[in-house]
**Q** 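Pasting in a structure now, in C-alpha cells, and then I'll have a few things to ask.
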Amino acid sequence: MTQIEGSDLVAMSIEREGVKTVFGVPGGPIVEILGFASQKGIRPIGVRHEQAATFSAAAYGYVRNEVGVCVIAAGPAVTNCVTGAHVAFDNCMPLVILGGSGPQGGRYSGTFQETDNVPMFRGITKMSVQIDSAERIPYFMSMAFRKAKSGRPGPVYLDMPSDILSAMVEEEDVEWPEGYFTGAKPQADPEDVKRAAELLMNAERPAMIIGKGVRWADPGDQLKELAETLGMPFMTSPMGRGFVPDDHPLSMGAARSNIMRGADVVLVAGARLNWMFDFGKRFAPDAKIIHIDIEPEEIGANRATEVGLVGDAGAVLKQLLTEMEGKTEGIADRAEEGPWLSSLREKAESNGKSLEPLLNSDAKPIRTYRMMNEIQNVFPRDTIYTVDGQITLATGRQVLPSYTPASRLNAGTNGCIGVGIPFAVGAKIARPDVPVVSVNGDCAFGFNGMEMETAVRHNAPIVFIVNNNGGIVGGTMEAKMGLPEGYEERVARYTPDIRYDKIVEAFGGHAESVTDPDELRPALERAYQATLEGKVACVNVVTEPMELAVTADTRGSTIMGY
Ligand code: ADP
C-alpha cells in the first residue's frame, strides 16, 4: 500500500490543474508543497515578500488567462497576503492563495503562528475555508480552482493546517474529483441580443467601452469586428487597453470626455460603471446603456441599463455579430462620413497636439511626459507595461500605448500602489518572449523594490524605470501645505538624489541614471539592450517634482492617475 503526504496531494492537485508556476516565500509548513511541486516540474518562484507573491501570481494569471497560484507560510506570511487578495477581488482576477496555519490538533493552545486566517479573507475572496483532512485535499483544491475561474473570476483562500499537510494517507483513501469544471461560455438571452443589436444599428452616436473583464473571454477579434461593422468609436478602462490595438482608427481614448458625454448608445463590455467611469454619471442622461457582463448583479449598478447582456463577453459579442449579419450595409460608411466620428477625431487630434510641448520638453528636471514619450519611442509594440504611482499613472495613461491583449497592468480598481514591480515579475515569467517594462513613481517603487532581486534570481530581464520626482506625488503635501515652523522632518518629500538604479547594480543588474532629457533615449536603449542580453535593468530618471502643478491641461480626471 502506498502512502502519500498531504503536501504532495496539494502539489499533485496543482499539477492536475496544468499550473506551470507558483509564487511564494518558502517557510513552514508549506515548504514541502513547493518541494513536491518542483519535483513535478512546476516552477516555484521565490519572492521577497508575500504581498509580492500574490501580486505576481495575479499578474501571471492575467497575462496567461489562467488562475494564479501562490503558496504562503503561516501567521504574518498569510496576513501579508490580505492586500493581494483585495487586489484580485477588486479586479476580478482568478487567484488561489494556499496559506499554511498551525496544527489543527493544537488549536487555541498558542501554537507557533496560530492565526484565525479564514475570517480574515472573507469579504475579499470568493471563498475562504480551511481544509479539514488530508484525504479531502484534492476535493478542496478542485473547489478552489473551480470557484476562482468560474463566472466572475476572483481569489480563493485555502487554509492548510500543518498537521494536515504533514499527514500520511493511504493512496486508496484519496478521491480525485473528475469533471469538476465546465468551460462553458454562457450566452445572453436571444431577445436581449436582438434589442441590443437594434439599438446599436440605429444609434446616431454609438460608443463602446472595453474593460479588463474581457481578458477572460479573449474577444479581441469580435470587439474589432463589431466596432468596424458599425463604425463605432471605442475607449477603454485603464487596463482594458490593447484588446483592440490603441492605434486602431476607431480608438478614441484621447477624446474620452467627449465620447462619454456625447454617445447616445453605449455598449459596455467587461467593465464596471464604478468610480472609474464616474458611476456612469458622465454619460448623457438619456444615453442608452447596453451592458455585457458575466455577473448578472453588475447590470444596472449605479446607472440605469437599457439592455443587460449576461454572459461571456466573447460569446455575447458573437451573438451580436450574428444577429446583425446582413443588416449593417452602409452603417460603417455613413459613420465614417458623419459628424460623430469626425468631431471625436478632431478632439483626439487637438488633445494630442496640446500634449506635444510636454512630450518634447527640454526642461530640467525632466518632465514626466518627456520621459513617457521616450519610453514609448524605445520599446516595441508587443511590450507589456506595468505602471504604478499617481503622477506616473496620470501621464502614462496619456502617453504609453498598448497594442496587445493583457499588456497593460496598473494600480487597478482598488488603486493599489506597489503592484508595479511584482506585476512585472509575474508578467515576464508568464511571457518571457516579450519585453516587460515597469514604470514606477519613486513612492510606488519603494513598496516592492526588493522584488528586482527576484527578477534577477529567476532570470526575468525586465526594464524597471523609476520616475524619481522626489516624493509622494512629487511631495505635493509639503509644497501645498508647507511645514509648521521649526518642523524639519519631511513627510512627503524623500531624501534628495536617491540613486535607485544602484540597487539593481548590487543585485548584478544593469544600472542607468538620467538627469538630462537628451540622455534619456540612449539610456533606455542601453537598458533595453541589457535585457535582451538577459540582464535586469533599472533606469533612475530624475523628474520634475511638481509635474501636475506645472501642467496646465492634464485632460480629464487625475484621481489616482485615471
Ligand atoms: P475595468 O477596471 O477594466 O473597468 P472591472 O474589473 O471593473 O474592469 O470589471 C470587469 C468586469 O468584467 C466585471 O464586472 C466582471 O464580472 C466582468 N467579467 C469577467 N469575466 C467576464 C467574461 N468572461 N465576460 C464578460 N464579463 C466578464
Side-chain angles (χ1 to χ4, degrees), residues 58-59 61-62 65-67 86-95 124 126 147-155 181-189 192-193 196 208-220 222-223 226 234-244 253 256 260 266-280 282-283 289-303 305 307-320 387 393 397 402 405-416 419 423 557 559-562:
Y62 184 71
N65 192 356
E66 285 177 11
V67 179
H86 189 242
V87 164
F89 192 63
D90 232 25
N91 287 291
C92 310
M93 290 169 153
L95 176 69
I124 49 167
K126 290 181 79 176
K147 295 249 184 206
K149 63 186 174 182
S150 297
R152 170 185 276 173
F181 174 72
T182 169
K185 305 276 180 205
Q187 298 201 342
D189 185 319
D192 292 335
V193 173
M208 179 162 68
I209 292 183
I210 304 169
K212 64 175 157 350
V214 303
R215 192 319 145 246
W216 316 108
D218 260 341
Q222 290 86 42
L223 290 165
L226 188 65
F234 66 87
M235 56 176 261
T236 73
S237 71
M239 279 178 64
R241 293 171 79 155
F243 295 99
V244 184
R256 185 184 160 90
M260 286 176 78
V266 184
L267 174 66
V268 181
R272 283 174 288 181
L273 298 181
N274 54 16
W275 64 274
M276 243 180 234
F277 292 103
D278 209 6
F279 310 97
R282 271 211 269 163
F283 298 125
I289 311 293
I290 304 167
H291 197 165
I292 304 177
D293 203 295
I294 202 148
E295 172 58 68
E297 279 180 26
E298 201 53 49
I299 309 295
N302 298 324
R303 164 82 202 219
T305 301
V307 188
L309 298 173
V310 178
D312 171 75
V316 175
L317 286 161
K318 276 186 201 148
Q319 284 180 287
L320 278 172
V387 187
L393 279 164
R397 172 173 72 82
S402 292
S407 63
R408 191 61 162 263
L409 290 87
N410 65 28
T413 310
N414 72 346
C416 184
V419 293
F423 270 5
S557 161
I559 307 166
M560 290 308 300
Y562 298 115

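Both ligands and their constituent atoms are indexed starting at 1 by order of listing.
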**Q** Going by side-chain hydrogen bond (donor to acceptor under 3.5 Å, both in side chains), name the residues that satisfy it together with D90, two or more places apart in sequence or in a different chain.
**A**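 Not a single residue meets the side-chain hydrogen bond (donor to acceptor under 3.5 Å, both in side chains) criterion with D90.
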
**Q** Would you please name every residue forming a side chain to side chain contact (heavy atoms under 4.5 Å, CB included) with S402, sequence neighbours left out?
**A**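 Side chain to side chain contact (heavy atoms under 4.5 Å, CB included) check on S402 returns R241, D246, S407, R408.
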
**Q** Tell me the residues surrounding ligand 1, counting only those with a heavy atom closer than 4.0 angstrom, sorted by chain and number.
**A**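 For ligand 1, the residues that come within the 4.0 Å heavy-atom cutoff are N91, C92, R152, P153, G211, K212, G213, W216, A217, S237, G270, A271, R272, N274, M276, F277, D293, I294, E295, E298, G311, D312, A313, T413.
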
**Q** Would you mind reporting whether M260 and M235 have side-chain heavy atoms less than 4.5 Å apart?
**A**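 A side-chain contact under 4.5 Å exists here.
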
**Q** Looking at R152 and E297, does any basic side-chain N land under 4.0 Å from a carboxylate oxygen?
**A**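 E297 and R152: not salt-bridged.
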
**Q** Among all residues two or more places apart in sequence or in another chain, which pass the side-chain hydrogen bond (donor to acceptor under 3.5 Å, both in side chains) test with N274?
**A**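 For N274, no residue satisfies side-chain hydrogen bond (donor to acceptor under 3.5 Å, both in side chains) once neighbours in sequence are set aside.
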
**Q** Could you tell me whether K212 sits above the aromatic face of Y62, with NZ or CZ closer than 6.0 angstrom to the six-membered ring centre and within 45 degrees of the axis?
**A**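 No.
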
